[in-house]
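See below for the structure under consideration.
Chain letters run A, B, ... following the sequence lines, proteins first, then strands; residues in each count from 1.
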Amino acid sequence: MARPESSRTRIYDVVRRVPRGKVATYGQIATIAGLDGHARQVGYAMAAIGRVSTVPWQRVINAQGRISMRSEGPGGSIIQQQLLEREGVVFRGGRVDLKRFGWKPRRS
DNA sequence: CCACTGACGAGTG
DNA sequence: GCACTCGCCAGTG
């Protein structure tokens with residue numbers, strides 16, 4: 001409702017564009033959402049999502065190809081890894097090869 | 001209004 | 001490759 005477009009809404013909109021089997025970094029999402037350089041804000045927005053959402057939050061990882069830890073410890077990150085593997089993303093040494101699975105957005 | 005917190009990134013040693 | 005520092009900003013009490 002009375003919440004037109006907060007920065008978070010924009011971030012979610014971008015995350016929703018990430019196709020299955022691909023992953024995007026926080027910085028990448030930030031840049032596309034028009035918040036270039038504010039990757040922290042993206043991570044913060046993800047944390048505020050909640051369990052159910054139309055946003056594929058699991059496809060968002062850090063620039064190192066690793067899954068960031070939530071306040072609940074490493075347990076949460078394992079769930080995320082499983083969700084991604086199920087989509088076809090391969091983890092090698094706890095890391096994802098962004099060269100292969102990194103999402104390549106297209107500018108309009 | 002002030003202080004603290006937090007799914008990060010890039011740079012340095 | 002890892003540990004530490006600084007920068008940036010919104011949300012919460």
Side chains of A:R70 and A:S77 only: does a donor on one sit below 3.5 Å from an acceptor on the other?
no
Please tell me which of the listed nucleotides, B:dG9, B:dA7, C:dC9, lies nearest to the side chain of A:R70?
B:dA7
Can you check the A:H38 NE2 to B:dG6 C1' distance for me, whole Å?
15 Å
Could you check how far CD1 of A:I11 sits from P of B:dA7, rounded to whole Å?
14 Å
Separation of A:I32 atom CD1 from B:dC8 atom P, in whole Å?
18 Å
Integer-rounded Å distance: B:dG9 C1' and A:I29 CD1
15 Å
A:L35 CG - C:dC8 P separation (whole Å)
15 Å
What's the closest nucleotide to the A:T25 side chain, out of B:dG9, C:dC2, C:dA10?
B:dG9
So A:R59, base contact, sugar-phosphate only, or nothing? Heavy-atom distance under 4.0 Å.
nothing
Both A:Y44 and A:R40 contact DNA chain C. Taking the nearest nucleotide for each, which residue is further toward the 5' end?
A:R40
Is the shortest distance from a Lys or Arg side-chain nitrogen in A:E87 or A:R59 to a carboxylate oxygen in the other one below 4.0 Å?
yes
Quickly work out the A:Q64 CD to C:dA3 P distance and round it to whole Å.
11 Å
Let me know the distance between CH2 of A:W57 and P of B:dC8, rounded to the nearest Å.
13 Å
In whole Å, I'd like the distance from the CZ atom of A:R8 to the P atom of C:dC9.
17 Å
